[in-house]
Amino acid sequence: MRPKGQGRRLRRLTALGAAAGAVWLTIHPGAVAEMGTALVQMFRSSDLLSQAVSAELGTESGEDTPLEQAVLEALPQTAQEEEAAETSFPAFEEEQQETLPEAEEAGPEEKPETEEEALPVSGLLEAPLEEATEDTTEGGSETSTPPAAALLELTNRTDGIEAELADYLERELTLTVSREGPQILIMHTHATEAYTVADGDEYVASDTARTTDENYNMIRVGEEMKAVFEEMGLSVIHDTTLYDYPSYTGSYARSLEGIKGYLEEYPTISVVLDVHRDALIADDGTVYKVTDTVDGETVAQVMLVVGTDDGGLTHPDWAENLTLATHIQARLLGIDAGFPRPINLRSQRFNQHMTVGSLLVEVGTSGNTLQEALAGARLFARAAGEVYLECMENS
C-alpha cells in the first residue's frame, strides 16, 4: 500500500505538471494548438489527472476547471479559433456561387467564445463598405407560404452534433418568463459593430464598420428591440457596456461577467439576447447586405446563432436554447419566408449556458444600412416577444 503522503505528493506533482503545461501553452500559443486541445481532452479522459487537478483546484469532477479554462484561453490564433472564424453564406450560398467562387463567410463575424477568442477573418475588416451589394429576397404579407416546419433551415457548423429543426419545433419550451421584475436582458458583446454609412446616419468610425457612437452601433438596435418588447408589456434591461472597446480581444470573457452580474442583481431575468450584426465580405472586397421586403419596406434579415458544447465547454442545456430558437424562427418565417436566415448552430458556447433563454441575434450585416437593421430588429422583437409572452402565460 502506498503511504498517504506519497499519494498526496503524486496528485500534487500531477496537477502542477499539468499547470506548467498550461503556462507553457500560454507563452507559445501559435505552435501548439493541437497539443492544447489534446491536453484538455486528457484532463477529461484521465481519471488520475481529473482527480488530481480537481483535488488541487477545489473543483468537482466533470466541471470546467480553472486549468481547463486556462488551457483554452491559451489558444488564441489556434485551430479552435480558426473554426470560430470559419464562415459561409448560409442565406444565399447557392445563389452566389457563380459570382463569388472564393467568397469567405464572416458570420457570425469573429465570434470569440469566452475561452475561445477568435481571430479576425483575414482581409475582411478592411473591405470598402461603399461597395455593398444587395442580396434581396422579395416577399411581403401577400406572399403565400408553406407551413413553417417545411421552411426551417439549419446551418450546422458543429463537428459532432446532428439536429433536425422539425423535431425541435415539436418540443415544448422549458423557458419560464416571470410575471414580475425584469424578464429580458439585451446586451452586446460587440457593441461597436455598425452598418454602412447612409444619408442621415453618418457616424465617426472607431474602426472599419464600427463606432462607439451609441446612436449608430448595436446599442441603437438594442434600443429598438427594447421599445417593441416594452410596448408588448415585457420588462427589459439594456446593458450598453462596450465590451469590445478599446480592446476587441476578450470581449466574450468581459460580457460573461456582465451577464453574471445582471442575473445576480435581477434573478427574474430568463431571456438574454446578445445582439450583433454579421459581415459577409468576398475576397475581392465586395461587402454584401442581406435584405427582405416586408409590406413594401426593405428590412435586414435576421439570423439566430445557437452555441453548443461541441467545442468541449460545459453547456448542458444547449438543446433548450435551440428549441427556443426554432420556435422563434417559426414566427419569423410567419412574417415572411425570406425574412430569417437559417439558424446557425455552432461549436462555440457564446455565453449561452447562462439561461435556457439565451440567444445570439445577428441583425443584418455591415453592408446593410442602420434603417434596414432597425426595421429588421422591430420585426424580430415582435415575433420573439410573442413567444416570450406565451412562456409567461404557461408559468
Side-chain angles (χ1 to χ4, degrees), residues 81-112 118-139 153 155 157 190 192-211 216-218 220-221 244 248 275-294 297-305 338-344 346 360-377:
E81 298 177 356
E82 290 173 5
E83 170 64 20
E86 280 184 5
T87 54
S88 71
F89 291 90
F92 57 100
E93 194 168 26
E94 294 181 359
E95 298 175 10
Q96 299 294 334
Q97 277 183 340
E98 293 184 2
T99 56
L100 294 178
E102 298 180 356
E104 292 189 66
E105 168 202 330
E109 178 199 342
E110 309 169 332
K111 289 295 181 288
L119 284 174
V121 181
S122 177
L124 294 186
L125 298 185
E126 293 75 27
L129 293 180
E130 62 270 16
E131 295 181 14
T133 301
E134 185 171 7
D135 172 69
T136 303
T137 303
E138 294 294 338
E153 293 184 62
T155 300
R157 307 293 297 175
H190 298 153
T192 66
E193 291 175 335
Y195 297 91
T196 293
V197 175
D199 290 343
D201 288 324
E202 295 86 1
Y203 57 81
V204 177
S206 59
D207 201 341
T208 304
R210 287 183 170 82
T211 182
Y216 302 101
N217 61 21
M218 299 316 301
R220 176 67 183 87
V221 177
D244 61 337
Y248 188 83
V275 181
H276 299 244
R277 62 104 176 104
D278 202 354
L280 298 175
I281 305 173
D283 283 345
D284 64 2
T286 302
V287 180
Y288 283 83
K289 62 193 299 182
V290 287
T291 65
D292 185 28
T293 302
V294 179
E297 183 179 24
T298 300
V299 304
Q301 291 179 322
V302 170
M303 179 171 70
L304 303 180
V305 181
F339 175 50
R341 298 167 65 190
I343 293 175
N344 197 310
R346 301 296 291 264
L360 192 154
V361 184
E362 300 271 9
V363 183
T365 74
S366 59
N368 285 101
T369 66
L370 175 63
Q371 296 307 314
E372 291 167 347
L374 295 178

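Since the structure is predicted, the reported quantities are computational estimates derived from the model, not experimental observations.
The CG atom of Leu370 lies 6.5 Å from the CZ atom of Arg220; values are rounded to the nearest 0.5 Å. Distance check, rounded to the nearest 0.5 Å: NE2 of His190 to OH of Tyr248 gives 3.5 Å. In this structure, OH in Tyr195 is found 11.5 Å from CG in Asp201, a value given to the nearest 0.5 Å. In this structure, Ile281 CD1 and Thr286 OG1 are separated by 9.5 Å, a value rounded to the nearest 0.5 Å. To the nearest 0.5 Å, atoms NE2 (His276) and CD (Glu193) are separated by 6.0 Å. Atoms CD and OG1, on Gln371 and Thr196 in that order, are 13.0 Å from each other to the nearest 0.5 Å.
Under a 3.5 Å cut-off, the side chain of Thr365 and the backbone N or O of Asp278 do not form any donor-acceptor pair. Checking side-chain atoms of Asn217 against main-chain N and O of Arg210 turns up no donor-acceptor pair under 3.5 Å. Side-chain atoms of Thr293 never come within 3.5 Å of backbone atoms of Val299 as a donor-acceptor pair (strictly under, hydrogens ignored). Remark: the backbone N or O of Asp292 is not paired with any side-chain donor or acceptor of Gln301 at under 3.5 angstrom. Of the possible polar contacts, none joining the Asn344 side chain to the Met303 backbone as a donor-acceptor pair under 3.5 Å is found.
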message: Using the rule given for side chain to side chain contact (heavy atoms under 4.5 Å, CB included), can you reason through Arg277 versus Asn368, listing the C-alpha separation, both sets of side-chain angles and the distance that settles it, and then say yes or no?
response: CA-CA 9 Å; Arg277 62 104 176 104; Asn368 285 101; over 6 Å; no

message: Let's go through Leu304 and Val361 carefully: what are the C-alpha distance in whole Å and the side-chain angles of both, what is the deciding distance for side chain to side chain contact (heavy atoms under 4.5 Å, CB included) to 0.1 Å, and is it a yes or a no?
response: CA-CA 5 Å; Leu304 303 180; Val361 184; 4.0 Å; yes

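Residues Thr155 and Pro342 approach most closely at OG1-CB, 3.7 Å, considering heavy atoms. Gly364 approaches Ala300 most closely through the heavy-atom pair CA-CB, 3.7 Å. Scanning both residues, Tyr203 and Ala209, for their nearest heavy atoms gives OH-CA, 3.9 Å. In this structure, Thr369 and Ala198 approach most closely via the heavy-atom pair CG2-CB, 4.0 Å. Pairing each heavy atom of Gly376 with each of Phe339, the nearest pair is O-CZ, 3.5 Å. Here the closest heavy-atom approach between residue Ala377 and residue Val363 is recorded as N-CG1, 4.1 Å.
Put simply, the residue from Thr211, Asp244, Val275 that forms a side-chain contact (heavy atoms from CB on, under 4.5 Å) with Met218 is Val275.
Thr192 places none of its side-chain heavy atoms less than 4.5 Å from the side chain of Asp207.
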